[in-house]
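First comes the structure, then the notes that go with it.
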Amino acid sequence: MQFEDNALLPLLYGEHDRHLARIEQRCGVRLASRGNRLTISGTGERTEMAEQVLRGLWRQLERGQSLSASEVEAAIRMAEGEAEQDPRLPLQDIPQIRTRRGAIAARTPAQSAYMESLARHEMVFGVGPAGTGKTYLAVAQGVALLQAGRVDRIVLSRPAVEAGERLGFLPGDMKEKVDPYLRPLYDALHDMLPAEQVARRLAAGEIEIAPLAFMRGRTLAHCFAILDEAQNTTAAQMKMFLTRMGEGTRMAITGDPSQVDLPPGQKSGLVEAISILRDVPGIGFTHFDERDVVRHPLVGRIVTAYGRAESGRSSRPPQGAGRAAGKELDVAGK
């Protein structure tokens, strides 16, 4: 490969060639640079993958975008998806959600499919493990539509359910009581908009953040509504939220069915909704897995390890089943 702009080469290679080292490690190739020429050595499939990664990163630099380790990881994930002929392949140009803070691009094939679904469908379910960008991209889409004047407001909601611990009485007024549950939504908003604009839009009602319990009896019109942590809704709560949809409204429902914090024996409304609505026209579904985790690389490996452990537990017979069967045989023998 030959690159024309020598000024961009240090950015492509990374400090101490760390970007090249990461591409070598993940793509299974050897890279050798001399001047503005880069040689890729490896099997045909692997060298094509590495070339695709490098060309994609080079295009980002030519557009004036910065390049960090996370962008390199994203380019590798996208190339891996194409190499595996993943059914969630991105378009030739990686989809982007444009806000006034800048463009937010897909970092995995599933994120690409999710962004396409958010653009096409009025209701979208994003389902999968933590760290895959489900909520972040939904908030970005809402902000983009609000700034473009295509919706009048954004409504962000979550069920107020503790994650495995009882917090007890929380001091303060109603807003102060529910804010801890809704903090991840505030964090995403502050990534998309300047702090003063978030505060101004919240005060004006253009952005509303509310617990799910406050949704009953309302009709949400001309807005972008997001239900986050939907795995912690009951079946009745999920139906209640979905039927709030009014004229000109779009909805995104995100959650991870493997992290349900409801009391034992209570079925998740998200799991039920996916089963019931799977074939309803006009609703989009995007399923993420551990390959789509865009947090620290360890998070993806942790999700995979827990998945293996849970699969192993579900395939083993209940403890004591063998002893019970033995007793029955003894009785039958007597």
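- The CG atom of L38 lies 7.0 Å from the CE atom of M1; values are rounded to the nearest 0.5 Å.
- S117 places no side-chain N or O within 3.5 Å of a backbone atom of A113 that could act as its donor or acceptor partner.
- In the hydrophobic clustering, where aliphatic and aromatic side chains (Ile, Leu, Val, Met, Phe, Trp, Tyr) are joined below 4.5 Å either directly or transitively, L242 groups with M123, F125, V127, V155, L212, M215, L220, L227, M238, M240, F241, M245, M251, I253, L270, I274, I276, L277, V280, I283, F285.
- Taken to the nearest 0.5 Å, the OH atom of Y13 stands 12.0 Å off from the CG atom of L57.
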### Query
Is there a salt bridge (charged side-chain N to carboxylate O under 4.0 Å, His left out) between E206 and R200 once you walk through the steps?
CA-CA 9 Å; E206 292 180 13; R200 188 177 73 250; over 6 Å; no
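- Applying the side-chain hydrogen bond (donor to acceptor under 3.5 Å, both in side chains) rule to E247 yields no partners; only residues at least two apart in sequence or on another chain are considered.
- L31 has its side chain out of reach of D17: every pair of non-hydrogen atoms, C-beta onward, lies at least 4.5 Å apart.
- Taking a cutoff of 4.0 Å between a charged side-chain nitrogen and a carboxylate oxygen, E208 and R201 do not qualify as a salt bridge.
- T249 contributes a side-chain N or O that, together with a main-chain N or O of H222, makes up a donor-acceptor pair within less than 3.5 Å.
- At a cut-off of 3.5 Å, with distance as the only test, no side-chain donor of R55 or Q52 sits close to an acceptor on the other residue.
- In this structure, W58 and D5 have side chains that are in contact, with non-hydrogen atoms separated by less than 4.5 Å.
- Residues E229 and Q231 bring a donor and an acceptor atom of their side chains to less than 3.5 Å of each other.
- The main-chain N or O of P194 is never found under 3.5 Å from a side-chain atom of Q197 such that the two would form a donor-acceptor pair.
- For the pair R22 (side chain) and H19 (backbone), a donor-acceptor distance under 3.5 Å is absent.
- Checked for salt-bridge contact, R107 and E73 miss the test: no charged N lies under 4.0 Å from a carboxylate O.
- Between the side chains of Q111 and T108, not a single donor N or O lies within less than 3.5 Å of an accepting N or O.
- Contact check on K239 versus E272 returns no salt bridge, with no Lys/Arg side-chain nitrogen under 4.0 Å from an Asp/Glu carboxylate oxygen.
- Rounding to the nearest 0.5 Å gives a distance of 10.0 Å between NZ of K134 and CG of D292.
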